[in-house]
Amino acid sequence: MDQAEHLTLYQQMVVIRRLEEKSAELYQQGKIGGFLHLYIGQEATGVGAVAARSPHDNVITAYRDHGIAVACGMEPKVILAEMLGKVTGCCKGKGGSMHLADKRLNFWGGHAIVGAHIPLATGLALANKFRGEDSVTLCFFGDGATNIGYFHEGLNLAAVWDLPIVFICENNQYGMGTSIERASAVPEMRQKAEAYGMPSARVDGMELLAVHEAAAAAIAHARAGQGPYFLEALTYRYRGHSMGDPERYRKQEEVRRWQSDDPIGKFEAVLLKRGISPDDLNAIEAQAEATIADAVRFAEESPFPPPEELWRDVYAEPEAEPQPA
Amino acid sequence: MPVMTIREAVSQALWEEMERDPNVIILGEEVGMWGGTYAVTKGFYDHFGAERVRDTPIAEGVIVGAAVGAAMNGLKPVAEIMTINFAFLAMDQIVNHAAKIHSMFGGQFEVPVVIRTTSGGGKQLGATHSQTPDVIFAHFPGLKVVAPATPADAKGLLKSAIRGRDPVLFIEHSTMYQERGEVPADKDFLLPIGKSDVKRPGNDVTIVTYSKMVQITMRAVKQLEAEGIDCEVIDLRSLRPLDLGPVYASFKKTNRAVIVEEGWRSYGVGAEVAARIYEECFDYLDAPIQRVAQKEVPLPYSADLEKSAIPGPADVIAAVKAVV
């Protein structure tokens, strides 16, 4: 990566951080409904890994999807509009925070049933492989998902069929409020990939360049036709599981310890060391603030879906659509 | 017109659609080398190859999930779930993913997946392998649920399901594969999904049914005819979309209805269809609507006990006599 690319990734991480802070604010104001799962603290895993993909590679993730959406190139204004339930959102206001997607960006969602998108990822990869294309599918999930049946069915099938998938476990060490020690029989999630004969790596998820490098190697492995690869990124979410999390399960000093290992701060130090001026970074910071301010304005000013939208897109075939009743 | 079994009709529809569209693939347990546990895909593996006829591990969640993902990404997968009892293991993929992905993401993705499965009791397979829970799946908007009763319907509806753009649960009856009937030879023989079929016109009672109970009903109707009772029989053919236009038209003529299904009565097809008739045709009602359904017990293994729990012609006859 050259310096310009480094700055782009830095900018993405800052945009995600500001977007998430703003989302929390809008949630507290009652403008965002449902559940809201913030990505703050995990920016380097999504940004680092997605930066290693080619545009024709697929990305699919779970419900903590805002950061991955930004990394895939989705504009914050479309994300915020979706969260505010507006018709200008990426899913016309039908999906909400947990179901962001943009097919044009090969970003296949935002899926909110834990682990359920892992089988979907096998299908995405199967279709590409079937057509003889060299696309790789990046499938993100949390440590919590590694305990569910879907994970094991999906990893097994991916290995049996040699599918071009990089499974990326964003190990933030808690499935909701239950720590991995209390929920997982093994301490490292990648050990579970060993059961399926799948090569794996474990990387510091707070180090952007380390994640990027590991993801690039994993993607190259899958693209070369060597089958799936399992990448575990050790990370941490600074906020609760969702906005309604009382956080009784962890101590503030643990959170503070991880905050001192902040992925944005660490990458900032790397950039400064490599000769980027503080002014350049400040300019990126200011630009990110402006982007989010514009996005909020756009989302707030956008209309809600019209009532008749309720009856649309239930089926793809127009003649199958239910009639208003 | 050629005469063939339901097995042959389903097999022919699959074969022709695979010949027609290279994006059609089959995946499921024993669909390949084995030739299908009901022998529907016999010969497919040798002809179409392992890439298009894919044997899977015994893992229903990922069978349907992989099919849904592949459908989102441009293939036309036909996933086979050996019996509908195992579809519960894939319930989340069917109802939370196949049925919702198009709508929930604002229409950007299409999920043209067909999930073929078998339903019905009567084979002494015990309580977990003998259920007819078709109606559970029909509860979910976004999914189509089709259950043919004849070889021709099986071919025409399956071809429409495969060529269509929406997810379809295609329910074949596990004891009907040997049933024979005329089937159009046309490779483009398509029947629209969501159209009921009047199997027999009549003036005295409207009988609404589907799948194997069409056959049971037709046997009952023959006996009733001998007794001077003239029944109109309507095969729903799909539970979602549910086409009740012909049912209302018939009921306005007969003023009496019986609904026959193999599954349990509570919350069933009978409950739904009866409620709709009450809503739409209240002024035409001459007798309380009767429902014929399975006894509300888990199906037992022992042959006579099992048989006594599943509706037969005598149950249909009794219900009809209760309304005339």
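Lettering of chains follows the sequences in order, A, B, ..., and the numbering in each one begins at 1.
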> Where is the tightest heavy-atom contact between Leu126(A) and Ala70(B), given as atom of each residue plus distance?
Replying inline: CD2-CB, 4.5 Å
>> Is Asp102(A) in contact with chain B via its backbone, its side chain, both, or neither, using a 4.5 Å heavy-atom distance?
In response: both
>> For Phe130(A) versus Leu75(B), what's the shortest heavy-atom pair and its separation?
In response: CD2-CD2, 3.6 Å
> Can you tell which of Gly149(A), Gly123(A), Gly95(A), Ala125(A) has the highest number of heavy-atom pairs within less than 4.5 Å of chain B?
Replying inline: Gly123(A)
>> Heavy-atom cut-off 4.5 Å, strictly under: side chain, backbone, both or neither for Pro22(B) against chain A?
In response: backbone
> Should we count CZ of Phe35(A) as having more than 12 external heavy atoms under 6.0 Å?
Replying inline: no
> Quick one: what part of Asn96(B) sits under 4.5 Å from any heavy atom of chain A, side chain, backbone, both or neither?
Replying inline: side chain
>> For Phe109(B) and Trp108(A), take the angle between the two ring planes, folded into 0 to 90°, and tell me which bin it lands in: parallel under 30, tilted 30 to 60, perpendicular over 60.
In response: parallel
> Between CD of Glu317(A) and CZ of Arg163(B), what distance do you get to the nearest 0.5 Å?
Replying inline: 12.5 Å
> For the residue pair Phe105(B) and Ala101(A), what are the closest heavy atoms and their distance?
Replying inline: CD2-CB, 3.4 Å
>> Just verifying a value: how many Å separate His99(A) NE2 and Met104(B) CE, rounded to the nearest 0.5 Å?
In response: 3.5 Å
>> Need one label for His111(A): side chain, backbone, both or neither, based on atoms under 4.5 Å from any heavy atom in chain B.
In response: side chain
> Between Cys90(A), Ala127(A), Ala316(A), which residue shows the highest count of heavy-atom pairs closer than 4.5 Å to chain B?
Replying inline: Ala316(A)
>> Less than 4.5 Å to any heavy atom of chain A: does that hold for the side chain of Gln108(B), its backbone, both, or neither?
In response: both
>> How about CG on Leu285(B), more than 12 heavy atoms from neighbouring residues, nucleotides or ligands closer than 6.0 Å, or not?
In response: yes
>> To check you understand the geometry: which heavy-atom pair defines the closest contact between Pro318(A) and Arg165(B), and what is its length?
In response: CD-NH1, 4.1 Å
> Sub-3.5 Å donor-acceptor pair from the side chain of Tyr315(A) to the main-chain atoms of Leu143(B), do we have one?
Replying inline: yes
> Is chain B contacted by the side chain of Ile60(A), its backbone, both, or neither, given a heavy-atom distance below 4.5 Å?
Replying inline: neither
> If you draw a 6.0 Å radius around CE in Met176(A), do more than 12 non-hydrogen atoms from other residues or ligands fall strictly inside?
Replying inline: no
>> For Lys144(B), which atoms come within 4.5 Å of any heavy atom of chain A: side chain, backbone, both, or neither?
In response: both
> Tell me, side chain or backbone of Pro241(B) under 4.5 Å from chain A's heavy atoms, or both, or neither?
Replying inline: neither
> Contact part of His97(B) toward chain A, heavy-atom cut-off under 4.5 Å: side chain, backbone, both or neither?
Replying inline: side chain
>> For Asn73(B) versus Leu124(A), what's the shortest heavy-atom pair and its separation?
In response: ND2-O, 2.8 Å
>> Using a 6.0 Å cut-off, check whether atom OH of Tyr284(B) has over 12 heavy atoms from anything other than its own residue.
In response: no
> Taking everything shown except His47(B) itself, do over 12 heavy atoms lie less than 6.0 Å from its NE2?
Replying inline: yes
>> Within the supplied structure, the quantity of interest is the number of heavy atoms (other residues, nucleotides, ligands) at a distance under 6.0 Å from Lys252(B) NZ; does it exceed 12?
In response: yes
> How far apart are the closest heavy atoms of Lys94(A) and Ser103(B), and which atoms are they?
Replying inline: CB-O, 3.7 Å
> Is it the side chain or the backbone of Asn58(A) that comes within 4.5 Å of chain B heavy atoms, both, or neither?
Replying inline: side chain
>> For Gly61(B), is there any backbone N or O sitting under 3.5 Å from a side-chain donor or acceptor partner on Glu153(A)?
In response: yes
